[in-house]
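First listed ligand is number 1; within each ligand, the first listed atom is number 1.
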Amino acid sequence: MMKPINVGLLGIGTVGGGTWTVLTRNQEEIKRRAGRPISIVKVADKDVARAQQVTGGTVAVTDDAMSVVSDPDVDIVVELIGGTTLAKQLVLQAIENGKHVVTANKALLALHGNEIFAAAQKKGVIVAFEAAVAGGIPIIKAVREGLSANRIEWIAGIINGTTNFILTEMREKGLAFADVLQQAQKLGYAEADPTFDVEGIDAAHKLMILAAIAFGIPMQFDKVYTEGITRLTREDIGYAEQLGYRVKLLGITKRSENGVEMRVHPTLIPEKRLIANVNGAMNAVLVKGDAVGPTLFYGAGAGAEPTASAVIADLVDVTRMATADPHQRVPHLAFQPDQLSDLPILPISEVSSAYYLRLRAVDKPGVLADVTRILGDLAISIDAMVQKEPAEGETEADIVLLTHITLEKNIDCAIAGLEALASISGKIKRIRVEHLHG
Ligand code: NDP
Ligand code: HSE
């Protein structure tokens, strides 16, 4: 019988608790896969009493996470405390101490991944992060290994469970944003700071990781364009539906002639696409490779056991590869570390997309002619247009337009021109539209 591999668990909250439960419940099955038992020997959590309750007093519990990282009996450190300050110190110290690391911390990797992977490379240890993107969906393994024959063309994903849950509940049950957010927090989906979810920052962290492994580029989180769901209104969700679209918060990364697009924003998707029908806290990631074509990965994007599933898959991988020659292992970012590319990241003004525009216009002759002239002058063609009747007693009405694909800087110009018209009141609402053709 082979000696167990010893795990030090940092943080036994939602994901850490799930990891404890699943590892305990499925230990025999996991041992048969890994080739030796995987054993949590030490747990660190701020709340020692709760940690003791979860573990039933079967392992040592401390509130000093650094003591776990320095424990010579620990082979793998699992970082599940979150945040980017102490977590970074702990992960770098674990690496320095020659320990492998498993983490679900996408913020940490998107911001400090370059430094962390370089340190791991130098020390010959593994930093595994399947749980950091799309919860339980094995998307890191799929892109990094399963699709390694392909030139990846683009990835588009619903990669934040909290916002997908909020959008679904708002659309299906007409619930208010704040109530649904509270529910997502109770269910353990939301980040410690939920603005990370609703402002698209969490999805941007994950998108950065996906782009890095898809295109072999270093982390450069500050270049991801990020727009959340807080400014979405029920009217826009309703108009989108009338036009045959669903609104989802998408993370999109695309390779184009001039560089790489990386953007997170609310997006209209034709309702007939499978991904448009991914609801609740579920995630889905569409990956388009040149050889395989489009592939779609679907599953739970957050929550205790689904995320634990990914953490433990990493533990099994690390256990199998722990003693292998580091050169034989899968590179952290899919491409060999000396083969990373310096492809430029495109600013949002250089991104191409179709657009949904909602204008509030005075109901009088000539307005539509002005609108189409401004768009036409910028070579923006209209795909569909709906003009609503003004409400009883009102003189203004909504005009909703869908455009064909154009450059973002053209639509910026068009919006400025339209907002300057005397017949248009207030700000024009813009939502990007993606058809996600294979
Ligand atoms: P939780 O807040 O539920 O758990 C974190 C745990 O770590 C808490 O018990 C916390 O204690 C403890 N902790 C915090 N700081 C310290 C410290 N300095 N020393 C010891 N223990 C500490 O978070 P989650 O489990 O939800 O998230 C953990 C990580 O997983 C994050 O990086 C998150 O982004 C990521 N993640 C989360 C998913 C989810 O569905 N929840 C899915 C995928 C990734 P206390 O509560 O007392 O602060
Ligand atoms: N807060 C994240 C989400 C957790 O809602 O998707 C999973 O990474």
Side-chain angles (χ1 to χ4, degrees), residues 8-21 42-55 61-69 77-91 102-111 129-137 139-140 157-168 180-181 183-207 209-210 228-229 249 251 264 278 280-285 299-311 314:
L9 180 62
L10 312 182
I12 191 158
T14 303
V15 183
T19 300
W20 174 273
T21 305
K42 207 163 179 187
V43 172
D45 199 279
K46 274 199 216 156
D47 191 337
V48 170
R50 197 195 54 214
Q52 275 166 340
Q53 211 181 350
V54 176
T55 56
V61 174
T62 173
D63 61 0
D64 177 7
M66 204 48 98
S67 72
V68 175
V69 163
V77 169
V78 177
E79 184 279 303
L80 298 173
I81 66 170
T84 52
T85 311
L86 181 62
K88 181 183 173 196
Q89 287 166 21
L90 291 165
V91 164
V102 172
T103 180
N105 193 334
K106 52 268 168 161
L108 177 68
L109 296 179
L111 267 60
F129 51 94
E130 184 61 70
V133 182
I137 306 174
I139 190 66
I140 299 297
I158 296 172
I159 46 181
N160 181 268
T162 302
T163 45
N164 205 42
F165 180 74
I166 293 173
L167 290 174
T168 305
V180 190
L181 174 59
Q183 224 179 315
Q185 286 175 295
K186 272 198 206 125
L187 290 165
Y189 304 149
E191 293 303 300
D193 177 356
T195 55
F196 273 46
D197 295 294
V198 297
E199 294 299 354
I201 301 162
D202 175 72
H205 289 145
K206 294 166 178 164
L207 185 72
I209 297 172
L210 284 177
I229 63 165
L249 184 73
V264 171
V278 169
M282 302 308 272
N283 281 192
V285 186
E305 292 206 8
T307 312
S309 164
V311 169
D314 275 348

For [X], counting its heavy atoms only, list the atoms of ligand 1 lying under 4.0 Å from any of them.
X	result
Lys106	33 (C), 34 (O), 35 (C), 36 (N), 43 (C), 44 (C)
Gly188	39 (C), 40 (O), 41 (N)
Gly82	31 (C), 32 (O)
Glu191	33 (C), 34 (O)
Gly11	6 (C), 7 (O)
Ala302	40 (O)

Identify, for [atom], the protein heavy atom at the shortest distance, and state residue, atom and that distance.
atom	value
atom 43 (C) of ligand 1	Thr307 CG2, 3.4 Å
atom 1 (P) of ligand 1	Thr14 N, 3.9 Å
atom 8 (O) of ligand 2	Lys106 NZ, 2.5 Å
atom 5 (O) of ligand 2	Thr162 OG1, 2.6 Å
atom 18 (N) of ligand 1	Leu86 CD2, 3.0 Å
atom 15 (N) of ligand 1	Lys46 CE, 3.4 Å
atom 4 (O) of ligand 1	Gly13 CA, 3.3 Å
atom 9 (O) of ligand 1	Arg50 NH2, 2.5 Å
atom 38 (C) of ligand 1	Val15 CG2, 3.5 Å
atom 11 (O) of ligand 1	Asp45 OD1, 3.3 Å
atom 7 (C) of ligand 2	Gly301 O, 3.3 Å

Proximity of Asp202 to ligand 2 by residue part, where a heavy atom lies under 4.0 Å: side chain

Mode of Asp197 contact toward ligand 2 - side chain, backbone, both, neither (heavy atoms, under 4.0 Å): side chain

Sub-4.0 Å protein heavy atom near atom 7 (O) of ligand 1: yes

Within-cutoff protein neighbour (heavy atom, under 4.0 Å) for atom 26 (O) of ligand 1: yes

Distance (rounded to the nearest 0.5 Å) between Asp63 CG and Asp45 CG: 9.0 Å

Spacing of Thr195 atom OG1 and Asp202 atom CG [to the nearest 0.5 Å]: 10.5 Å

Main-chain N/O of Gly82 paired with Glu79 side-chain donor or acceptor, under 3.5 Å: yes

Ring geometry between Tyr189 and Phe165 (parallel below 30°, tilted from 30 to 60°, perpendicular above 60°): perpendicular

Sub-4.5 Å side-chain heavy-atom contact between Val77 and Val91: no

Nitrogen or oxygen of Asn283 less than 3.5 angstrom from that of ligand 2: no

Backbone or side-chain N or O of Gly161 under 3.5 Å from ligand 2 N or O: yes

Member of Leu109, Ile139, Asn160 meeting the side chain to side chain contact (heavy atoms under 4.5 Å, CB included) criterion with Lys206: Asn160

Whether Glu79 lies under 4.0 Å from ligand 1, heavy atom: no

Side-chain donor-acceptor pair present, Asp64, Thr62, cut-off under 3.5 Å: no

Part of Ala131 with heavy atoms under 4.0 Å of ligand 1, whether side chain, backbone, both or neither: backbone

Side chain, backbone, both or neither: the part of Asn105 lying under 4.0 Å from ligand 1 by heavy atom: both

